[in-house]
Structure formats: structure tokens, C-alpha cells
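Note sheet for the following structure.
What you see is a predicted model; the values in this text were computed from it and never measured.
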Amino acid sequence: MKNWQKLVLVFFIAAVSLLAQFAFNAPQIARFIITIAGGILALSMFIEMIKTLRKGNYGVDLLAITAIIATLLVGEYWASLIIILMLVGGETLEDYAAGRANRELSALLKKTPEIAHVVREGKVIDMELDDVEIGARLLIKPMEVVPIDGLLLSEAALLDESSITGEAKPMELQQGDEVLSGAINGSSSIEIQTSVAASESQFQKIVALVREAAETPANFVRLADRYAVPFTIMAYVIAAVAYFVSGDPVRIAEVLVVASPCPLILAAPIAFVSGMSRSSKNGFLIKNGTIIEKLATAKAIFFDKTGTITDGKIEVDEVVPVEGVSREELLEIVYTIERSSNHILAKAVSSYAESHGVHALELGDLNEVAGLGVTGQIKNQLIKIGRANFVGAPEGLDFETAFYVSRAGQYIGAVTFSDSLRKNAPAVIKDLRQAGFDHITMLTGDNARVANKIAAQVGITEVYSSMLPEEKLAKIEASSVHPTIMVGDGVNDAPALTLSDVGISIGTGNNTVASEAADIVLLKNDLSSVVKAVHISRDTLKIAKQSVLIGITICVILMLIAATGLIPAIIGALFQELIDVVSILYALRALKGFKNK
């Protein structure tokens, strides 16, 4: 039975018992009903406590069980009912605070191809992936996902590999190049030859990694449990001393009633719910209440680069003409050739040229050379734009992503591209260091030159480049500092987001896979929300601890008074409700946090 169903049942039992006691003047029936209900709850809690102890965790259940049993044994059944109501209500709130969001990664599974188009003797046959042999010839239609890793048989291909590498720019492949499953084909059909079995393909590995990481148990102990053992021991000692001095077993029940751990069970979940509510108002969702404590105590954070530190948009970086050619002239030539192309780099250079007021020249004989570039006639001169070897560019040019340009057989310059840095990324890294994060690391699938350049711009000194998803996982697993935070987007980040203690997904509007894998989803495409999430989590944890300690302090004072016999059991149970109210009201401060935040 779920906890909310238990709560409804307890309210029903309370209503029936009250009717029996006061409407029908049958106190024995009321006592019988409450005793049976209390006994069943105590038994179920005892079974759960044994399971918890076997896992090496110590909770507040033992004290609650003995409080219920003690009140029933001495005939204080109404006090027992009040305790039961608060315990079940606390567990229901705790379930709500946990906000269990364990949804299947349906978006990832939908992207996983189920069939492959196998080419045999000039015919195309659709086959289940598991039936495709190594070395089979596959047809990949336009905009289809590559189902199995292989080698490109076609002359050239333009593939979007962002699902695997996380990098925004498309990959231009030539015959014989490796093709990774999960990549999305361009606008032309291509053929590949499979090099591995379907189960060993890169995309299938990502799916497996996410599932495996999701099953990895989290090393987390409820906030209340940290105080449970000393509090329980203290309660038993005071109860034992009270009985030893008075010789009255009722004193045990009176002490244990006010020691009932409702503040421990209620205060922290309510503070966490309040913190989660505050988070949603600030533009991000925390899926699970336990994540708040992990985030609040984290000191190590890992960042993906593309779409996280950068905004994932390709832009013109530099226009680099040779001596004797102006920037405007080079940009005018490139714009004239590329403005009609749908290539992502062509679109970037066209936007750049248009924003700088560049006008197109008269163009003739435009041709595309698959996998190499394009040619065209401007002022009766042959213009080539594309790869360095295609245009005859000199060796030693250190451009990572560029259009190289030649005119009449002479190299005249290049237009370079980069993934633009998020404007607030340097400030975010600075704020995180000020917040006590001593370990800030960038993990990226991009090359070392680009990764180091971006890292230097934002102030990250620890950088790992050219990484595949499983390599990112290895770095996070090897961290000597826990809890760990991973911030990223994209399918390729899903395993790392899941395995880290706290996974934070940048909300880009369409990345449902990363959102499902993450513990925290930034609804706004704003990196500064990471800093806000840390501060709100720390506020929330501090308030939760304070509310628990306030409740415990009042409980200890009341236990000492109850030990003298001045507080009857039912009055003690009502006092316990006042303690709950105080703890809850303080925990609700997490809705707004501290004034200086």
C-alpha cells in the first residue's frame, strides 16, 4: 500500500474510532480498532526497519515503534493514534518531497533504430538489427539515423554526429572514413559497410550506459537518520531513568510520546519541498528532494563544452585574407559562392556577411564537389572554396574549422568558424569558485586546441578533450571528491548526467533525453541557473537542519519534564503536535531562503 493510501486509511480509522468513543459510547471498540491499527503499523515498520538495518542504515523507525507499543500497552490508545497519524503523514510528505521521477528514457529509445536497410545483390532488404552480419552493406536514407557502426562506402557524406560527440558542426566524411551509429545522415542517401555487431555499436553503448548508470545505487542517507541514533539513545535513557526512579511503566510511555520523531520525519521533507518550489520559481526543476543535500554539499563539478559552456551555435570567428586581399573582398567572394547553400557553415558565413552589409557579386558555373567543396566563376576567374587540399592552401595553416579559398589557382585566404562562448560563462565559473568549488573540470568530445581555448576564456584549468561518453563516465567515477555534479546537454551527456551524484541538464527546449537523465533541469537556457541552484540548495539544507534541531531541542526539554510525570501521555502527544507545527513553520522558510540570498 502506498503511503498516501495509508494516510487515507488512518483518517478513516480515526473517524470510526471517534464515532465509537463519543457517538456510540463504546470506548472498548475504539480501543480495539486503534490497537489493531497500531499493531499492524508497528509490525510493518519493524519489517521495514530490519530491511534498513541489513543495508547498514539506521533510521528513526525504532523509536516510533516503541512509542506506539508503549502507549498501547499502558492504555493510552488515543495518544497512539495521534502518533500513527503523524508518522504516516510524515511518510506521505517524504514521498512527495522525493518527487520520484524515474521515467523511462523514452526519447532515447525512440531514436534507437530498429531495422537496417541491407543491400544484397542489388536489392534492399529491411532486417532486424540483431540479424545484420558484420561486413553487411547498408543503405542509409536521407535524414535517417545510422543504425550500426561501419565504414563509408559512398564517395562522401555529411553527418550530424552531435548525438555521439555533442559537437554542433556536421562531419564531412569521405570514402573509407568511420561512420558511428547514432549519427544522422544528411540530404543524400549513402552506403556503409558494418564493422561491428549491432549490440557493439556506439549508440547502443550509450543506451546501455544510461541504463547501467541509472541502476547504480546512490550513497545517500536521509537527513533525519543522521540524528536518529543519538536522539533514540537519549530518549531511551531518559525513559529508563524515569521508570527506575518512579517504578511506573506509564512514565516510559509519557517520555516516548514526546520523543516521537515526528520533527525528524516532517521537518526535512517539508524544507526540501519548499526548496524545490523555490527552485521552480527560479527557472529550474529539482526532480528529487535528496538531490538538494547532494548539491548543497558538492565541491566537484564537471562541464560539457558544446551547448553548455558554449551556446552550441556555429559563428564566423575570423576572416583571414592573404596580403594584397582585403577582408571585405574575401568575405564578398565567399558570400557570393555560399549564400545559396544549406550547409551549416555556409549559413553562418551568409548571416555574418549580411550583418556586415556585404553584397553578392555576379556568379556563374556554380558546382559542388562532393566531400571537398564548391567551385564557381566570379569575374571570369575560377573560385574554389572548401578543404585546404582542394583549394591548394599552403601547409601549416592552424585553422580548426574553416572555408579555404583560392582564386584562379592562387590561395587568397580563409574564413574560420567557432562555437560561440556563452556570455555569462566566465562569471558562472568565477561564482562557483567563490562558492567553494575547488574542482572544476571540462569534459568534451572536441579537439584539444578548441577545448583549451574555450577553457582559458572561462577560467577552467582542468580540461579533457576528444572524449567519448564512456570516457566521460570514467573521469567522473575516478573523482576523489564527492558529491559530483555534471552539467551538460545532448544524448552523449546522458550517461554522465545519470552516473554523477547530481546531473544538471541545460534546457534547450528539445533535449528530452538529457532532461530525463538529469536530476536538475534548467528550464531556461541560462548557465547562471547552476549557481542559483547551488545557493538555493545550500539555503534549503541549512533550514532543514535548523528545523530538525529546533524540534529535537524542544523534544529533549519535554522528555525531561515528562520524566517527572507532569505531562500525561495524551497531553504529550498534543505537545508533540505543537513541536511539529514549530518545525514545519521554520522549514517553510525554505520557500524564500535567507535574506542575503
Side-chain angles (χ1 to χ4, degrees), residues 99-109 111-112 162-167 182 202-203 205-220 279 284-288 290-292 294-295 298 300-310 312 428 432 437 439-446 464 467-479 481-527 529-531 533-534 537:
R100 297 170 183 169
N102 296 326
R103 297 180 295 165
E104 295 294 328
L105 293 171
S106 55
L108 180 61
L109 298 178
K111 287 186 176 182
T112 306
S162 59
S163 294
I164 307 301
T165 66
E167 300 311 311
Q202 187 67 35
F203 200 60
K205 286 181 180 180
I206 289 179
V207 175
L209 284 169
V210 172
R211 288 173 174 165
E212 180 182 350
E215 294 171 0
T216 303
N219 296 319
F220 177 77
S279 299
F284 54 93
L285 296 178
I286 298 179
K287 292 184 177 181
N288 190 306
T290 63
I291 296 302
I292 290 176
K294 295 180 183 180
L295 182 61
I301 186 166
F302 296 86
F303 284 94
D304 176 45
K305 181 183 73 67
T306 304
T308 305
I309 297 296
T310 65
V428 168
L432 288 172
F437 283 88
H439 303 272
I440 302 178
T441 307
M442 179 189 290
L443 306 176
T444 178
D446 213 338
Y464 296 93
M467 303 195 80
L468 291 174
E470 57 265 32
E471 294 172 325
K472 291 184 179 182
L473 277 184
K475 283 297 177 186
I476 293 173
E477 287 179 317
S479 175
V481 181
H482 287 275
T484 57
I485 302 172
M486 174 66 191
V487 185
D489 75 323
V491 177
N492 65 301
D493 294 322
L497 289 171
T498 307
L499 187 66
S500 59
D501 296 307
V502 180
I504 301 179
S505 169
I506 299 287
T508 55
N510 58 1
N511 215 327
T512 56
V513 174
S515 298
E516 289 193 2
D519 301 300
I520 300 175
V521 180
L522 307 185
L523 301 179
K524 300 176 182 178
N525 194 12
D526 183 2
L527 195 62
S529 293
V530 174
V531 181
V534 170
S537 294

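- At a threshold of 4.5 Å between non-hydrogen side-chain atoms, the residues Asp304 and Met486 count as touching.
- For the residue pair Leu295 and Ile520, the shortest heavy atom distance occurs at CD2-CD1, 3.5 Å.
- Side chains of Ile292 and Ser279 form no contact here, defined as non-hydrogen atoms less than 4.5 Å apart.
- In this structure, OG1 on Thr290 lies 7.5 Å from CG on Asp519, to the nearest 0.5 angstrom.
- Two residues are said to be in side-chain contact when any heavy atoms from C-beta on lie closer than 4.5 Å; Ile309 and Thr444 fail this criterion.
- Judged purely by atom type and a 3.5 angstrom limit, Thr484 uses its side chain to pair as donor or acceptor with the backbone of Asp501.
- Nearest heavy atoms, Pro495 versus Leu473: O-CD2, 3.4 Å.
- Rounded to the nearest 0.5 Å, atoms CD1 (Ile286) and CD1 (Ile291) are 8.5 Å apart.
- Atoms CZ and OG1, from Phe303 and Thr310 in turn, are 12.5 Å apart once rounded to the nearest 0.5 Å.
- Contact check for Ile301 versus Val530: side-chain heavy atoms found under the 4.5 Å cut-off.
- The closest donor-acceptor contact from the side chain of Ser479 to the backbone of Ile476 lies at 3.5 Å or more, if one exists at all.
- Distance OG1/Thr308 to CZ/Phe302: 14.0 Å, rounded to 0.5 Å.
- The distance from atom NZ of Lys472 to atom CE of Met467, rounded to the nearest 0.5 Å, is 8.0 Å.
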